Amino acid sequence: MAGKLIADQIEHSTAGSLDTSYVVQGSAKAWSNFNGTGTIAVRDSSNVASLSDNGTGAYTVNLTNALSNANYCVAGIGNDEGGQQNHSFFRFDATPTTSACPLTTGTGHHSGVTAGIHLDVSNVHTMIMGDLA
């Protein structure tokens, strides 16, 4: 049975109520868990159409449904199971668009490690927050 639920608030029996705008605006609009080594591959995702491998430690997450603008927030983490220390950074090396989120993984500043080296990592987890178009 298909249907539509329209509500301005959600109320829990003991925890109080919440405006639905917090649910809509505070929910991830896309997320992914992918292998960033070798032939990159999505393990699981939501609203992710595909990935692009742009070179060592450089990827693009391509969205199924576009966002309303390119001023969204990206959070993520990555680590490598192949003997590398578990440290990585995310940054944009290219301009994000409403339907594609470029990012890089690699070393940040860490004792004994040169900062800013791009690395492919085996576990990349991303979350994109913004408004859908």
Side-chain angles (χ1 to χ4, degrees):
M1 180 172 143
K4 188 177 198 179
L5 177 63
I6 300 172
D8 292 329
Q9 285 192 337
I10 298 173
E11 185 171 334
H12 186 271
S13 61
T14 60
S17 64
L18 178 69
D19 286 348
T20 55
S21 63
Y22 288 105
V23 177
V24 172
Q25 293 177 348
S27 299
K29 301 310 184 289
W31 61 267
S32 63
N33 172 338
F34 67 91
N35 180 352
T37 60
T39 301
I40 64 174
V42 175
R43 291 186 188 96
D44 202 0
S45 68
S46 177
N47 195 27
V48 173
S50 65
L51 299 171
S52 301
D53 187 344
N54 305 322
T56 303
Y59 315 97
T60 299
V61 177
N62 300 297
L63 302 178
T64 304
N65 299 296
L67 298 172
S68 63
N69 62 59
N71 297 319
Y72 48 82
C73 175
V74 178
I77 191 166
N79 71 0
D80 185 17
E81 297 169 354
Q84 298 287 333
Q85 294 184 26
N86 292 333
H87 51 233
S88 64
F89 67 91
F90 280 82
R91 72 174 188 217
F92 295 127
D93 276 350
T95 303
T97 69
T98 58
S99 60
C101 176
L103 55 94
T104 59
T105 59
T107 60
H109 182 70
H110 190 272
S111 178
V113 176
T114 303
I117 297 173
H118 289 187
L119 295 172
D120 285 345
V121 294
S122 57
N123 289 294
V124 183
H125 307 271
T126 64
M127 178 177 61
I128 298 173
M129 306 288 286
D131 294 325
L132 290 172

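Along the sequence shown, residues carry numbers from 1. Fair warning: this is a prediction, and the values are worked out from it, not measured in the lab.
- Residues Ser32 and Val48 come closest through the heavy atom pair CB-CG2, 4.0 Å.
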Full working for side chain to side chain contact (heavy atoms under 4.5 Å, CB included) between Asp120 and Tyr59: CA-CA 9 Å; Asp120 285 345; Tyr59 315 97; 3.4 Å; yes
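- Tested against Asn35 for a side-chain hydrogen bond (donor to acceptor under 3.5 Å, both in side chains), the candidates Thr37, Asn33, Thr39 yield a single pass: Thr37.
- Counting heavy atoms from C-beta outward, Trp31 and Asp44 have side chains that approach closer than 4.5 Å.
- Considering every non-hydrogen atom in both His118 and Gly57, the closest pair reads CB-CA, 4.4 Å.
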Any chance you could lay out the side chain to side chain contact (heavy atoms under 4.5 Å, CB included) test for Ile128 and Leu63, step after step, and finish with the verdict? CA-CA 10 Å; Ile128 298 173; Leu63 302 178; 4.0 Å; yes
Verdict with reasoning, Asn47 to Thr64, per side chain to side chain contact (heavy atoms under 4.5 Å, CB included): CA-CA 5 Å; Asn47 195 27; Thr64 304; 3.3 Å; yes
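- Minimum heavy-atom separation, Leu51 to Ile40: CB-CD1, 3.7 Å.
- Nearest heavy-atom pair across Leu67 and Lys29 is CD2-CB, 3.8 Å.
- Under a 4.5 Å side-chain heavy-atom cut-off, the cluster of Ile, Leu, Val, Met, Phe, Trp and Tyr residues that includes Met127 is completed by Met129.
- In this structure Ser68 satisfies the side-chain contact (heavy atoms from CB on, under 4.5 Å) test together with Asp131, sequence neighbours excluded.
- What you find for Ala94 and Pro102 is that their closest heavy atoms are O-CG, 3.3 Å.
- Annotation for Thr60 and Ala100: closest pair CG2-CB, 3.8 Å, computed over non-hydrogen atoms.
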